[in-house]
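Contents: one structure, followed by commentary.
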Amino acid sequence: NAGVTQTPKFQVLKTGQSMTLQCAQDMNHNSMYWYRQDPGMGLRLIYYSASEGTTDKGEVPNGYNVSRLNKREFSLRLESAAPSQTSVYFCASRVEASYEQYFGPGTRLTVT
Amino acid sequence: GQQLNQSPQSMFIQEGEDVSMNCTSSSIFNTWLWYKQDPGEGPVLLIALYKAGELTSNGRLTAQFGITRKDSFLNISASIPSDVGIYFCAGPPILQGAQKLVFGQGTRLTINP
């Protein structure tokens, strides 16, 4: 079991470029999440998906889009990257009938 | 939005010392989760608490769910170098539903050998 995997691990973008962060889980979880982590801010929820085919906004959704491709995969897209989106991005999935979330290793994104 | 306040924000201790940190909220939680994040890695779940007053251990780590349901505590006994990292508390505010967690800002633990 790989758990939650994320690609890429590092990425540098120029302002205005677009990219998609990929996330997959092999634990058969219904719910998946995207967070960003900035120094001193803890983890903030960008979007989540309660099940295949559904997505909902979190605390900081502006500038992002998501796609729940199937039960395993949940991608995060930056259409036009901005320096304010420089951050570490984590994907997570949630154990059924529980609040426990399990995290991937993260993607470190720098926008110049 | 809902905030969790962790204290202290950072700790510098000697190897072998015990560590205590806490997390408080202005609203009631029905679950508390404690995570540890190693440098360059994602958070890893350490302990989950489900009932007010509950005391749960995981090796040298012990966590407690506060009686008021607005706080939680994490203790680490006899610290070792691999305890270095950032510790986060998290939970679903009772009015927010099961889908979302809110996280504290973290307690950064540094250990001098």
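Chain letters run A, B, ... following the sequence lines, proteins first and then strands; every chain starts at 1. These numbers come from a predicted model, not from an experiment.
One hydrophobic cluster, built from ILVMFWY side chains closer than 4.5 Å, cannot hold both L45(B) and L55(B); they sit in different ones. In the hydrophobic cluster analysis, where Ile, Leu, Val, Met, Phe, Trp and Tyr join through side-chain heavy atoms closer than 4.5 angstrom, L78(A) is grouped apart from Y48(A). Taking hydrophobic clusters as Ile, Leu, Val, Met, Phe, Trp and Tyr residues chained together by side-chain heavy-atom distances below 4.5 Å, F103(A) does not share a cluster with Y47(A). Taking hydrophobic clusters as Ile, Leu, Val, Met, Phe, Trp and Tyr residues chained together by side-chain heavy-atom distances below 4.5 Å, Y89(A) shares a cluster with V66(A). Cluster membership check: W32(B) shares its hydrophobic cluster with V102(B), using side-chain heavy-atom separations under 4.5 Å among Ile, Leu, Val, Met, Phe, Trp and Tyr.
Residue contact with chain B, scored on non-hydrogen atoms closer than 4.5 Å, involves the backbone and the side chain of L43(A) alike. Proximity to chain B is absent for every atom of Q6(A), based on heavy atoms less than 4.5 angstrom apart. Residue Q6(B) does not touch chain A at all, counting heavy-atom pairs closer than 4.5 Å.
A distance of 11.5 Å separates CD1 in I47(B) from CD in E100(A), rounded to the nearest 0.5 Å. Note: K100(B) NZ to Y33(A) OH = 9.5 Å, rounded to the nearest 0.5 Å.
Using modelled atom types, no side-chain atom of Y99(A) and backbone atom of N30(B) make a donor-acceptor pair closer than 3.5 Å.
At most 12 non-hydrogen atoms from other residues, nucleotides or ligands lie less than 6.0 angstrom from CD of Q9(B).
Looking at every heavy atom in both residues, F90(A) comes nearest to G42(B) through CE2-CA, 3.3 Å.
Listed by sequence position, G104(A), P105(A), R108(A) are the residues of residues 104-112 of chain A in contact with chain B, using a 4.5 angstrom heavy-atom cutoff.
Counting heavy-atom pairs closer than 4.5 Å to chain B, the top-ranked of the candidates K9(A), R44(A), Q37(A) is Q37(A).
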